[in-house]
Amino acid sequence: MARFLITSALPYINGIKHLGNLAGSMLPADVHARFRRLQGHEVLFLCATDEHGTPAELAAAEAGQDVRAYCDEQHLIQRAAGEGFRLSFDHFGRSSNPQNHALTQHFGERLEAAGLIEERVSKQVYSIDDGRFLPDRYVEGTCPHCAFERARGDQCDNCGRLLDPTDLKNPRSKISGSTNVEVRDTAHLFLKQPLMQDRIRAWVDAATEWPHLARSIAYKWLDEGLIDRAITRDLAWGVKVTKDGAVRPGFENKVYYVWFDAPIEYIAAGAEWAEATGSDWERWWRTDKGASDVTYIEFMGKDNVAFHTVSFPVTIMGSGEPWKLVDRLKAFNWVTWYGGKFSTSEKRGIFMDQALELLPSDYWRWYLMANAPESSDAAFTLEQFQQTVNADLANVFGNFVNRITRFCAAKFDSAVPTGGVAGDLEAKLAADVAARVAALTQHHEEMEFRKAAAELRALWAAGNEYLQVAAPWTAFKTDPAYAAVGVRTGLNLVALFAVLAQPFIPDAAGRVLDVLAVPADRRGWPAPATAALLDLLPQGHPIAPPDVLFAKIEDADVAAWTERFGGG
RNA sequence: GGUGGCGUAGCUCAGUUGGUUAGAGCGUGGGAUUCAUAACCCCAAGGUCGGUGGUUCAAUUCCACCCGCCACCA
């Protein structure tokens, strides 16, 4: 038995996530966590909402709420959506919780002790009416190059030139629109990342198991050279900057930058979990306190790779303490909506809460993983969704369960038939199934989700193929003993298929296992080499046909959803 | 603009360390079957592997340029 620490990229607090966000980190992380638990391994699966930063403050202001109250509310919404999708987090934390504040301050002070922090004064635009410094993106004005009147502080959208906010003519606050602004001096902490460049590169060099996408992104950053990076901001909402345990002089109105404290929440979520459950979190996160045998796997979208392979490791390694570093990581591309972007502001696409209003989570889980954006962006269309769900879940798997359990109920008194001797066909089936289970297991271990889904589907199809040839409904008339073998084999296939389907479609798989009364100790992931793959159900064991597992998606449904969500 | 990626059957995608007939699922056409959610099973048709050049005995696979799409640029 091994130990797996699994984290998913933290969803930002600002609004419910869409299906692309789900498919790009939280869902595959859950599938893998479930797979590892079924194998009997010890798993700690952590996620949290990322709550600090300007966007949260602005969204709260727009909603007319205090930022803390806003985050409280949004956190509950996101947590409910995660539960709706059966995301099996051991803990779903919050970066605004005290554990993260304490750890972020701890890392900040450790980095300073290691000589990696420098305080510098720079010039920044201050909005007198807003009573705050303005982030680059929240200063607008006239471009000094092309006279475009709505240039942003970081870049002019008209001529494309990169700008410094202090260059803008007639600057104004994008927050309030006020032109009552001025340039003021402000001090910030800078993380001297170049000092860590060699250590990070050596670490990436050694990470030969990372996927190509992740390594190439990490090397690109390293090749360009790491730069000193500001890790504080002039904001009220966030982690206070400390020195020797007290608020750092001159930083009374500043906090750590959200990108600095957010990844630390991975660790802090462990601390939250420990506090909530009375467990020990350091045995998962500190190699000097029992975590040396832990395999740490991170899931994320491709936009987050650089932070996970370079920035966060700078924080971790720079602390000089034996924290757990990522061992394996899995990065995803984007799911697109009819070839374009999902967009919150333009209401393009389907969001997690809406999806659950339409269909149970298993439908979405299956489609999003069978079409996971692993090697490139993957297009989501309602038509493709309908076809995939109807074919794979309703016709191939659902119908297989239905046809054999109902035949058993009609002809064998709702019990696993006894007697009869398995023949060549069953031996061939067993060999085929064993090979496919081995392949499926390997795909899961390598986190190849599309391939795993395709292999599982192929197994389901092999079950249908077997039944077609064994044809117990024909044998029943001439050779009842062989019909018994066929039905018994078919029912065992159902049980096996459900066991193997648990990571992808946990609800439906659980229902099948329940109606077959498969005991808990037989629901674990099978060892591929075992001869007992098709022997999960004792002979004479009573079973009951389940209700239809997956109703088909009708054309009328697709038409209605297209109308509502504007696909096509 | 810079950097990186992608462009393979009607659709969504595999694959090719350069080498006989380029694969899967869906969709389409035909057949078989009747236990089953008109489901399942079998068979078939469909692609000059974005374009133009180059290297090579041989390129969809390597190189250059072009076109189109996408991401990132702290």
Side-chain angles (χ1 to χ4, degrees), chain A residues 24 136 154-156 159-162 190-191 193 212-213 215-221 223-231 257-260 301-307 310-311 314 331-336 338-341 367 370-381 383-412 448 450-451 453-458 460-477 483 486-487 490-491 494 545-554:
Chain A
D136 294 357
D154 52 350
Q155 187 172 19
C156 173
C159 68
R161 277 184 236 234
L162 298 178
F190 282 74
L191 180 57
Q193 298 192 116
H212 176 73
L213 178 67
R215 294 189 97 203
S216 63
I217 291 174
Y219 278 127
K220 185 190 162 223
W221 276 43
D223 290 344
E224 289 177 0
L226 301 183
I227 63 169
D228 293 346
R229 182 160 157 262
I231 58 165
Y257 185 28
V258 61
W259 270 114
F260 184 73
K302 59 184 171 184
D303 57 325
N304 266 331
V305 170
F307 286 96
V310 179
S311 304
V314 166
F332 288 85
N333 292 278
W334 309 126
V335 175
T336 59
Y338 289 88
K341 287 183 181 176
Y367 179 82
N371 298 281
E374 292 181 295
S375 61
S376 62
D377 292 353
F380 182 96
T381 68
E383 293 76 10
Q384 191 81 14
F385 175 63
Q386 175 194 27
Q387 285 174 1
T388 301
V389 164
N390 287 353
D392 295 354
L393 297 183
N395 295 347
V396 177
F397 179 51
N399 181 54
F400 180 74
V401 174
N402 195 43
R403 69 193 293 202
I404 191 63
T405 51
R406 289 189 55 175
F407 186 71
C408 174
K411 305 293 187 186
F412 288 89
E448 296 269 14
R450 272 179 185 260
K451 289 179 181 173
E455 193 61 57
L456 180 56
R457 216 190 73 87
W460 295 339
N464 279 309
E465 197 178 329
Y466 166 77
L467 267 196
Q468 200 69 22
V469 178
W473 48 90
T474 303
F476 188 74
K477 299 166 189 162
V487 171
L491 290 171
V494 169
D547 296 333
V548 166
L549 275 181
F550 296 99
K552 289 191 188 183
I553 299 171
E554 304 295 337

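Here is the naming used below: chain letters follow the sequence lines, and residue numbers restart at 1 for every chain. Atoms considered below: every heavy atom in the structure, side chains included; atoms not considered: hydrogens, waters and symmetry mates.
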Student: In whole angstrom, give me the gap between the P atoms of B:C42 and B:A24.
Tutor: 12 Å
Student: Rounding to an integer number of angstrom, what distance separates B:U48 and B:A9 when you compare their P atoms?
Tutor: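 The answer is 9 Å between these two P atoms.
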Student: Using atom CG of A:Asn371 as one end and atom C1' of B:A24 as the other, report the distance to the nearest whole Å.
Tutor: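 Atom CG in A:Asn371 sits about 12 Å away from atom C1' in B:A24.
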Student: When all nucleic acid strands are considered with a 4.0 Å heavy-atom cut-off, which category describes A:Trp334: base, sugar-phosphate, or nothing?
Tutor: sugar-phosphate
Student: Figure out the CZ/C1' separation between A:Phe397 and B:U37, and round it to whole Å.
Tutor: 14 Å
Student: In whole Å, what separates the C1' atom of B:G46 from that of B:U33?
Tutor: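 After rounding to an integer number of Å, I get 27 Å for this pair.
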Student: Can you see which heavy atom on A:Leu467 is nearest to which on A:Trp473, and at what distance?
Tutor: O-CH2, 3.2 Å
Student: Counting only N and O atoms by type, is there a donor-acceptor contact under 3.5 Å from the side chain of A:Asn371 to the main-chain atoms of A:Ala378?
Tutor: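 No, because the side chain of A:Asn371 does not come within donor-acceptor range (under 3.5 Å) of the backbone of A:Ala378.
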Student: Which part of the nucleic acid does A:Gly225 contact within heavy-atom distance under 4.0 Å: base, sugar-phosphate only, or nothing?
Tutor: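 Here A:Gly225 touches the bases of the nucleic acid.
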Student: How many Å lie between CD on A:Gln386 and C1' on B:G25, as a whole number?
Tutor: 16 Å
Student: Mind checking the C1' distance from B:C6 to B:C49? Whole angstroms is fine.
Tutor: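 About 14 Å, rounded to a whole number of Å.
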Student: Measure the distance from CD on A:Gln193 to C1' on B:A74 and round it to the nearest whole Å.
Tutor: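 Rounded to whole Å, this separation is 8 Å.
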Student: What distance, rounded to whole Å, do you find between the two C1' atoms, one in B:G23 and one in B:G5?
Tutor: 23 Å
Student: On RNA chain B, check which nucleotide each of A:Arg450 and A:Ile227 is closest to and give me the residue with the more 5' one.
Tutor: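 Nearest nucleotide further toward 5': that of A:Arg450.
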Student: If I take atom OH from residue A:Tyr466 and atom CD1 from residue A:Ile404, how far apart are they, to the nearest 0.5 angstrom?
Tutor: 8.5 Å
Student: Rounded to whole Å, please give me the gap between CZ in A:Phe380 and P in B:C26.
Tutor: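 Those two atoms, CZ and P, are 19 Å apart.
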Student: Measure from CG on A:Asn333 to C1' on B:C69 and round the result to the nearest Å.
Tutor: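 That distance rounds to 14 Å.
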Student: Can you measure A:Asn304 atom CG to B:C73 atom C1' for me and round it to whole angstrom units?
Tutor: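 It works out to 15 Å between those atoms.
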Student: Which heavy atom in A:Val396 sits nearest to a heavy atom in A:Ala461, and how many Å separate them?
Tutor: CG1-N, 3.8 Å
Student: For B:U37, take OP1 and OP2 only and decide whether either is under 4.0 Å from a side-chain N or O of A:Arg406.
Tutor: yes
Student: Relative to the 5' end of RNA chain B, which residue comes earlier, A:Thr474 or A:Gln384, by the nucleotide with the nearest heavy atom?
Tutor: A:Gln384
Student: Rounded at 0.5 Å granularity, tell me how far CD in A:Glu383 sits from CD in A:Gln386.
Tutor: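 Interatomic distance, A:Glu383 CD to A:Gln386 CD, rounded to 0.5 Å: 7.5 Å.
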Student: Nearest whole Å is fine: how far is B:G25 P from A:Lys451 NZ?
Tutor: 16 Å
Student: Shortest non-hydrogen contact from A:Pro373 to A:Trp334?
Tutor: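 So the two residues come closest at CB-O, 3.5 Å.
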Student: Parallel, tilted or perpendicular for A:Trp460 and A:Phe397, by the 30°/60° rule?
Tutor: parallel
Student: Does the aromatic ring of A:Phe407 sit over the six-membered base ring of B:C35, closer than 5.5 Å centre to centre and tilted less than 30°?
Tutor: no
Student: Under 4.0 Å, counting only non-hydrogen atoms across every strand here, what does A:Phe550 touch: a base, just sugar-phosphate, or nothing?
Tutor: base
Student: Work out how far the P atom of B:A58 is from that of B:G18, and round it to whole angstrom.
Tutor: 15 Å
Student: Strictly distance-based, threshold 3.5 Å: is any side-chain N or O of A:Asn390 a donor or acceptor partner for the main-chain N or O of A:Lys552?
Tutor: no
Student: Is B:G46 syn or is it anti, if syn means the base angle is within 90 degrees of 0?
Tutor: syn
Student: Between A:Thr388 and A:Phe385 (side chain of the first, backbone of the second, donor and acceptor by atom type, cut-off under 3.5 Å), is there such a pair?
Tutor: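 Checking the backbone N and O of A:Phe385 against the side chain of A:Thr388, no donor-acceptor pair under 3.5 Å is found.
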Student: Take A:Leu549 and A:Asn402 through the test side chain to side chain contact (heavy atoms under 4.5 Å, CB included) and record every step on the way to the result.
Tutor: CA-CA 8 Å; A:Leu549 275 181; A:Asn402 195 43; over 6 Å; no
Student: Just to be sure I understand the rule, does A:Ile404 reach a base, reach only the sugar-phosphate, or reach nothing, if contact means heavy atoms closer than 4.0 Å?
Tutor: nothing
Student: Using atom P in both nucleotides, what's the gap between B:A22 and B:C13 to the nearest angstrom?
Tutor: 23 Å
Student: Summarise how protein sits on nucleotides 39-45 of chain B as a single string, 5' to 3': B when a protein heavy atom is under 4.0 Å from the base, S for sugar-phosphate-only contact, - for no contact.
Tutor: SBSS---
Student: Tell me what A:Ala378 touches on the nucleic acid: a base, only sugar-phosphate, or nothing, going by heavy atoms under 4.0 Å.
Tutor: sugar-phosphate
Student: Both distances under 3.5 Å, Watson-Crick or G-U wobble: on that basis, could you give the dot-bracket string for RNA chain B, with [ ] for crossing pairs and | for other-strand partners?
Tutor: (((((((..((((.....[...)))).((((.........)))).....(((((..]....)))))))))))).
Student: Roughly how many Å apart are B:A59 and B:C69, using the C1' atom of each and rounding to a whole number?
Tutor: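 Roughly 24 Å separates the two C1' atoms.
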Student: Using a 3.5 Å distance criterion without hydrogens, assess whether the side chain of A:Glu374 forms a donor-acceptor pair with backbone atoms of A:Arg450.
Tutor: yes
